[in-house]
Amino acid sequence: DVQLQASGGGLVQAGGSLRLSCAASGFAFDDYAINWFRQAPGKEREGVSCIRSDGSTYYLDSVKGRFTISSDNAKNTVYLQMNNLRPEDSAVYYCAIATWTKETSHIMYCGQIRSWGQGTLVTVSS
């Protein structure tokens, strides 16, 4: 079974930094992507970033230049470094694994979600 373990959330002041981790195991996809989503109270879930198995990445416009996604393939762990955090970044952050194909990449760049991890809460105080 695919397992995704997200960690690293916490309380931080505006302008501060956090690094989220997503440890993945039990998957055997050739073309996959690890996605980070977030959901704030009363808001819809939104895709924040993804990193694909080919190394390409995606960022939500509002986090570009502040968040960096990276992967340690030896540890099967993906990191989301979040700098210059803003109160509007406060949310529960979820990681998820997706599969993607070259044929559908232009419409589903970060792939189709196959499994979700549990969330980790990020709270940014003003």
Side-chain angles (χ1 to χ4, degrees):
D1 289 350
V2 177
Q3 292 191 349
L4 299 162
Q5 182 73 35
S7 61
L11 173 64
V12 64
Q13 289 188 333
S17 298
L18 284 173
R19 188 178 78 159
L20 305 183
S21 299
C22 178
S25 63
F27 67 95
F29 307 125
D30 290 332
D31 296 321
Y32 65 92
I34 300 294
N35 287 252
W36 284 101
F37 289 82
R38 67 186 180 188
Q39 187 166 22
K43 295 188 177 181
E44 293 188 355
R45 183 175 58 200
E46 62 181 355
V48 176
S49 181
C50 80
I51 185 165
R52 303 191 330 182
S53 48
D54 65 354
S56 56
T57 58
Y58 157 84
Y59 295 96
L60 184 67
D61 282 349
S62 62
V63 308
K64 284 180 181 176
R66 300 188 298 121
F67 291 10
T68 303
I69 193 167
S70 62
S71 65
D72 183 336
N73 293 331
K75 296 181 179 180
N76 279 345
T77 300
V78 168
Y79 303 100
L80 186 67
Q81 177 67 43
M82 307 187 296
N83 297 329
N84 192 18
L85 283 161
R86 304 168 179 168
E88 54 265 37
D89 295 317
S90 297
V92 177
Y93 284 70
Y94 300 89
C95 63
I97 190 166
T99 57
W100 60 276
T101 68
K102 293 179 176 61
E103 292 74 21
T104 59
S105 180
H106 63 291
I107 55 174
M108 296 180 70
Y109 185 81
C110 289
Q112 182 174 1
I113 300 299
R114 300 299 181 184
S115 185
W116 292 88
Q118 93 292 356
T120 185
L121 178 63
V122 172
T123 304
V124 184
S125 63
S126 57

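For the single chain, residues carry numbers from 1 onward in sequence order.
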What closest approach, in Å, do Val122 and Asp89 show between heavy atoms, and which atom pair accounts for it?
-> CG1-O, 4.3 Å
Lys/Arg-Asp/Glu bridge criterion (N-O < 4.0 Å) met for Asp61, Lys64 | yes
Taking atom types as modelled, find out whether Arg86 and Ser62 have a side-chain donor-acceptor pair closer than 3.5 angstrom.
-> no
Distance-minimising heavy-atom pair for Val78 and Ser71 | CG2-CB, 3.9 Å
Any sub-3.5 Å donor-acceptor pair from Tyr58's side-chain atoms to Arg52's backbone N or O?
-> no
Test applied, side-chain contact (heavy atoms from CB on, under 4.5 Å); reference residue, Trp100; option that passes from Ser56, Cys110, Ser53 | Ser53
Closest non-hydrogen atom pair between Leu4 and Ile97, with its separation = CD1-N, 3.5 Å
Gln118 versus Ala6, closest heavy-atom pair with distance | NE2-O, 2.6 Å
Between the SG atom in Cys95 and the OH atom in Tyr79, the distance rounded to the nearest 0.5 Å is 12.5 Å
Nearest-0.5 Å distance, CG of residue Leu20 to OG of residue Ser49 | 10.5 Å
Here the gap from Gln13 atom CD to Leu85 atom CG, rounded to the nearest 0.5 Å, amounts to 11.5 Å
Which value, rounded to the nearest 0.5 Å, describes the distance between Gln5 atom CD and Asn76 atom CG?
-> 14.0 Å
For the student: nearest non-hydrogen atoms of Tyr59 and Phe67, plus distance = CE2-O, 3.2 Å
How are the rings of Tyr94 and Trp116 set to each other: parallel, tilted or perpendicular (split at 30° and 60°)?
-> perpendicular
Are the side chain of Ser90 and the backbone N or O of Val124 linked by a donor-acceptor pair below 3.5 Å?
-> yes
d(Ile34 CD1, Ile51 CD1) to nearest 0.5 Å is 9.5 Å
Value for OG1 (Thr101) from CG (Asp31), rounded to nearest 0.5 Å, stands at 8.0 Å
Step-by-step side-chain contact (heavy atoms from CB on, under 4.5 Å) determination, Arg38 to Leu80 | CA-CA 12 Å; Arg38 67 186 180 188; Leu80 186 67; over 6 Å; no
Joint hydrophobic cluster, Ile69 plus Tyr109, side-chain heavy atoms closer than 4.5 Å | yes
Looking only at heavy atoms, the pair that brings Pro87 and Ala14 closest together is CD-CB, 4.1 Å
Among residues two or more places apart or on two chains, list those pairs meeting salt bridge (Lys or Arg N to Asp or Glu O under 4.0 Å) that have a residue in residues 97-122.
-> none
Evaluate whether atom CD of Glu46 has more than 12 neighbouring non-hydrogen atoms of other residues, nucleotides or ligands under 6.0 angstrom away.
-> yes
